[in-house]
**Student:** 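Quick one: structure below, then a few questions.
Nothing here was measured: the structure is a model prediction, and the numbers come from that model. Here is how names work: the chains are called A, B, and so on, in the same order as the sequence lines, proteins then strands, and each is numbered from 1. Both backbone and side-chain heavy atoms feed into the values below; hydrogens, waters and symmetry mates do not.
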Amino acid sequence: MTEPFSQRLLRWHAPHGRHDLPWQVNDPYRVWLSEIMLQQTQVITVIPYYARFLERFPDIASLANAPLDDVLALWSGLGYYTRARNLHAAAVQVRDRFAGVFPRSPDDIASLPGIGRSTAAAIAAFSYNTQAAILDGNVKRVLSRWASIEGNLASKAIENSMWALAESLLPAAADMPAYTQALMDLGATVCTPKKPACLACPLQDDCVAKREGRQLELPWPKPKKTLPERETVMLLLRGDDGRLLLEQRPPSGIWGGLWSLPEVATTLEAEAAMLARFGVRIETDAAWPPLVHIFTHFRLTITPLPARVTGVEALAEGGLRWFSPQQALAAGIPTPLRRLLLQVTDLA
DNA sequence: AAGCCGGGGAG
DNA sequence: CTCCCAGGCTT
């Protein structure tokens, strides 16, 4: 009779798991913040953002009472900016709906914006020893191999069965924090996508994929599609004092809520478009060489177009604002603009 | 059920 | 280059 799934994981985790990550503390705010930052983002990337964020917003109250722009500025470069918007909105809800105390039940936690079933379970398990299962990319890979689950992991049927399996494997409440961490660590360090270290795995004895030698065939790969190509022209509108004119983007969509350069479809229509949209007269110079930015779902070619503003009376309208290069770098801006600004400041 | 939403690490 | 990461929300 082999030891239960959870006990083998716990026994493996004690010597081989990750025990010194900065958010491994008994504080729901820090756990929550880390879980949001870690959504679709690797640990090594998150660590410096997490430290800066916590220094500026040490508790939920300071986050709830801060302007959204300050939150976005600290999120700048991390991507998926809806996470920052939801994080701020959720802090406000904790303040107003839960009297400033982070909620305890998974359902209450998942009622906050940006927190779904898996993230709510992780927060509750780490903070309150709650017996709730997580189901993230790591767990899906581990379970799909261990139980030899075929099919597209994104499909509803597969997902439902994996939730049920994950719930059935939970240990006693006191073991939930270590168990939840162990599952993540196993997926990140042993049951990896490319070269799983099955001989180091505590689940190798009853892993169906291992037994059948099909570790590399599971989980099924996501159907891939070719990246669409898009193009845009970003206006480098500089004032006599060297400042740049930025436009705040709409709340939803790419780079939602961030400050970026005004965009037009083509270099030829730049002057007419700026006049029509903002009542601003500009004169353009020669375009700079384009730079390419890769998203998950498309490839964006950006042509920087330097220009001068010749009529400034309408600038209060339309979400436009002057930024010095240093101010812009400290604001919530998308990564390609950060790269572009570093070129500009080098030239200045 | 499928699409949208960033950026970067790793191989 | 490709794959995918401590997913959730919208349609």
**Student:** Please tell me which of A:Gln42 and A:Phe298 maps to the more 5' nucleotide of DNA chain B, matching each residue to the nucleotide holding its nearest heavy atom.
**Tutor:** A:Phe298

**Student:** Rounded to whole Å, please give me the gap between CG in A:Leu135 and P in C:dA6.
**Tutor:**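 It works out to 13 Å between those atoms.
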
**Student:** Of A:Leu38 and A:Thr82, whose nearest nucleotide on DNA chain C comes first from the 5' end?
**Tutor:** A:Leu38

**Student:** Given atom CD of A:Gln39 and atom C1' of C:dC4, what is their separation to the nearest angstrom?
**Tutor:** 15 Å

**Student:** Given B:dG7, C:dA6, C:dC5, identify the nucleotide with an atom nearest to the side chain of A:Pro334.
**Tutor:** B:dG7

**Student:** NA contact type, A:Leu21, heavy-atom cut-off 4.0 Å: base, sugar-phosphate, or nothing?
**Tutor:** base

**Student:** Would you say B:dC4 has OP1 or OP2 under 4.0 Å from some side-chain N or O of A:His297?
**Tutor:** no

**Student:** I'd like to know if A:Thr41 reaches the base of B:dG6 with its side chain, counting only an N/O donor and acceptor under 3.5 Å.
**Tutor:**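 In this structure, the two groups form a donor-acceptor pair.
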
**Student:** Start with the C-alpha distance between A:Phe5 and A:Tyr179, add both sets of side-chain angles, then the distance that settles side-chain contact (heavy atoms from CB on, under 4.5 Å), and finish with yes or no.
**Tutor:** CA-CA 10 Å; A:Phe5 182 97; A:Tyr179 172 80; 3.4 Å; yes

**Student:** Side-chain N or O of A:Tyr80 less than 4.0 angstrom from OP1 or OP2 on C:dC5?
**Tutor:**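 No, outside the criterion.
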
**Student:** Using whole Å, report how far CD1 of A:Ile254 lies from P of B:dG7.
**Tutor:** 8 Å

**Student:** Taking 4.0 Å as the cut-off, does a side-chain nitrogen or oxygen of A:Arg83 come that near to OP1 or OP2 on C:dC9?
**Tutor:**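 So the side-chain polar atoms of A:Arg83 never come under 4.0 Å of the phosphate oxygens OP1 or OP2 of C:dC9.
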
**Student:** Regarding A:Ser62 and A:Asp59, do their side chains bring together a donor and an acceptor under 3.5 Å, going by distance alone?
**Tutor:** yes

**Student:** Give A:Arg18 one of three labels, base, sugar-phosphate or nothing, depending on what nucleic acid heavy atoms sit under 4.0 Å from its own.
**Tutor:**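 If one applies the 4.0 Å heavy-atom cut-off, A:Arg18 turns out to touch a base.
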
**Student:** At under 4.0 Å between heavy atoms, what does A:Val43 touch on the DNA or RNA strands: base, sugar-phosphate, or nothing?
**Tutor:**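 Base contact.
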
**Student:** When the C1' atoms of C:dC3 and B:dG6 are compared, how many Å lie between them, rounded to an integer?
**Tutor:**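 It comes out at 15 Å once rounded to the nearest Å.
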
**Student:** B:dG7, OP1 or OP2 - any side-chain N/O from A:Trp255 closer than 4.0 Å?
**Tutor:**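 Looking at the OP1 and OP2 atoms of B:dG7, one of them is under 4.0 Å from a side-chain N or O of A:Trp255.
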
**Student:** A:Met184 has an atom CE; how far is it from atom P of C:dC5, in whole Å?
**Tutor:** 13 Å

**Student:** Looking at the side chain of A:Trp23, which of C:dA6, B:dG7, C:dC4 is the nearest nucleotide?
**Tutor:** C:dA6

**Student:** Evaluate the criterion side-chain contact (heavy atoms from CB on, under 4.5 Å) for residue pair A:Asn152 and A:Trp220; output intermediate values, then yes/no.
**Tutor:** CA-CA 6 Å; A:Asn152 185 348; A:Trp220 282 18; 5.5 Å; no

**Student:** For residues A:Arg97 and A:Ser111, is any side-chain donor paired with an opposing acceptor at under 3.5 Å?
**Tutor:**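 On atom types as modelled, these side chains qualify, holding a pair under 3.5 Å.
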
**Student:** Is a donor-acceptor contact shorter than 3.5 angstrom present between the side chain of A:Thr335 and the base of B:dG6?
**Tutor:**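 Flag unset: no donor-acceptor pair detected.
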
**Student:** Starting from C1' on C:dC3, measure out to CD on A:Glu217 and report it in whole angstrom.
**Tutor:** 18 Å

**Student:** Using a 3.5 Å distance criterion without hydrogens, assess whether the side chain of A:Arg211 forms a donor-acceptor pair with backbone atoms of A:Asp206.
**Tutor:**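 Checked: no pair found.
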
**Student:** Return the nearest nucleotide to the side chain of A:Gln40; candidates are B:dG7, B:dG6, C:dG8.
**Tutor:**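 The nucleotide sitting nearest to the side chain is B:dG6.
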
**Student:** Nearest to the side chain of A:Lys156 - C:dA6, B:dG7, B:dA1?
**Tutor:**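 So the side chain of A:Lys156 is nearest to B:dA1.
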
**Student:** Considering every strand and a 4.0 Å limit on heavy-atom distances, what is the contact class for A:Gly187: base, sugar-phosphate, or nothing?
**Tutor:**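 Touches nothing.
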
**Student:** Aromatic rings A:Trp23 and A:Tyr50: how do their planes relate, parallel, tilted or perpendicular, breaks at 30° and 60°?
**Tutor:**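 Aromatic pair A:Trp23/A:Tyr50 classed perpendicular.
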
**Student:** Measure CG/A:Leu78 against P/B:dG9 and give the value in whole Å, please.
**Tutor:**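 Atom-to-atom, A:Leu78 to B:dG9, this comes out as 12 Å.
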
**Student:** Can you tell me how far P of C:dC1 sits from CD1 of A:Ile294, to the nearest Å?
**Tutor:**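 The answer, rounded to whole Å, is 7 Å.
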
**Student:** Using only side-chain N and O atoms of A:Thr119, determine if any of them is under 4.0 Å from OP1 or OP2 of C:dG8.
**Tutor:** yes

**Student:** Determine the Euclidean distance between corresponding P atoms of C:dA6 and B:dC4; express it in Å to zero decimal places.
**Tutor:**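 The same atom, P, in both gives a distance of 24 Å.
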
**Student:** So what does A:Gln181 touch, heavy atoms closer than 4.0 Å: a base, only the sugar-phosphate, or nothing?
**Tutor:** base

**Student:** Count the heavy atoms of every other residue, nucleotide or ligand shown that sit under 6.0 Å from CG of A:Asp241, and state whether that count exceeds 12.
**Tutor:** yes

**Student:** Starting from C1' on C:dC4, measure out to NZ on A:Lys195 and report it in whole angstrom.
**Tutor:** 17 Å

